[in-house]
Amino acid sequence: RAKESGRSGYQFYTEQMHVDAQQLVELEQDLRHALKNDEFTLVYQPQVELDTMQITGVEALLRWYHPHKGLISPDKFIPVAESSGLIVAIGAWVINQACYQLRLWHDLGFEQLSMAINLSARQFFQRDLLATIKKSIADNGIPPAKVEFEITESMMMRNIEETIAILHQIKTLGVQLSVDDFGTGYSSLSYLKRFPLNKIKIDRTFVSGLPDDSDDGAIVEAIIAIAHSLGFTVIAEGVETVEQLRLLAIKRCGEFQGYYFSRPCPVSELSTLLLEHLPKGQKVCSLSRR
Ligand code: C2E
Ligand code: MG
Ligand code: MG
Ligand code: MG
């Protein structure tokens, strides 16, 4: 494409590439200091049960506040953290911070709440992961069953046998496992049943087409059917409208996440949301106990 647009087009292209490469180098340098400079924070997005509209869990999402550049999106810096190996230390911080926050919410009386944590590929295939998870859960004294790890479908398919082995190891800690961005990674259905998973997260690209796009509707329906027949629960990502929610209810999707209910938000805002959407059987008085 650069060639076709002639000499000036080609120059533009290379300059562009130079700038991008330069930016990546800078980003990586800054990322090296971000942990010790305390530039990371986690925001939390509610996961909501469709039948009851109650919050059953939250997903922890990483935010980087760069001292000069401001907020940088994870889609931009996670790949850099991944290629530089910094993701291992950053990811360990995420796991511990999320477990710590879950402990605080459990202490406030939201004892049914679960915490979903994203894992990157490098982190997943790293030896220390098991020890890191184990320590964070023990140090914070939380029930492992309330902690869930998300790996993407494309990660799973890179090395199927090794992935299955690692998933089984993580499973022995008593935590939950889910597959993120499902539907985008071309996984073979015959393999899916071999993964020790609890939950499938329908990628938001399919949800965004609802309710009008009949192809997306068919895909969502098929994913839900497969998940249920394999004994997995299903959560839809990126639900933005009530029409999308209605269609997901008709198709018997169990849970959803998305801007329709709430954007990912800081701890204080989420605590307020939790008070308004206490899970069934939860006693508010446990709050006044302290
Ligand atoms: P993800 O795990 O699939 O997270 C869902 C993304 O969709 C989040 O973007 C969330 O803010 C966004 N989202 C939620 N509801 C809606 C909606 O209704 N509409 C739209 N348009 N978007 C919605 P975010 O926070 O920018 O994160 C992007 C990706 O970065 C995540 O995708 C995940 O792959 C990665 N990521 C975020 N935090 C971490 C982390 O702590 N560790 C690792 N390894 N990856 C992370
Ligand atoms: Mg996720
Ligand atoms: Mg996702
Ligand atoms: Mg994603």
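Start at 1 and go down the list; that is how both ligands and their atoms are numbered.
Taking any N or O of Ile78, backbone or side chain, none lies under 3.5 Å from an N or O belonging to ligand 1. In terms of polar-atom proximity, Tyr260 is not counted as a contact of ligand 1, lacking any N or O under 3.5 Å from an N or O of the ligand. Polar contact with ligand 1: present for Gln45 (N/O pair, distance under 3.5 Å).
Between the Mg ion (ligand 3) and Asp181 there is an N/O/S contact shorter than 2.8 Å.
If you look at Glu150 and ask which of its N, O or S atoms sits nearest the Mg ion (ligand 2), the answer is OE1. Within Asp180, the N, O or S atom at minimum distance from the Mg ion (ligand 2) carries the name OD2.
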* Begin from the C-alpha positions of Met155 and Phe124 and carry the test side-chain contact (heavy atoms from CB on, under 4.5 Å) through to its verdict. => CA-CA 9 Å; Met155 253 166 77; Phe124 183 76; 3.6 Å; yes
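For ligand 1 and Gly258, the ligand atoms under 4.0 Å from any heavy atom of the residue are 15 (N), 18 (O). Residue Leu119 approaches ligand 1 through these ligand atoms, each under 4.0 Å from one of its heavy atoms: 44 (N).
Nearest-heavy-atom check against atom 6 (C) of ligand 1 across Glu237, Gln97, Arg204 picks out Arg204. Of the candidates Asp180, Thr152, Val239, it is Asp180 that places a heavy atom closest to atom 1 (P) of ligand 1. Distances from atom 36 (N) of ligand 1 to the heavy atoms of Ala60, Pro74, Pro46, Ala116 show the closest one on Pro74.
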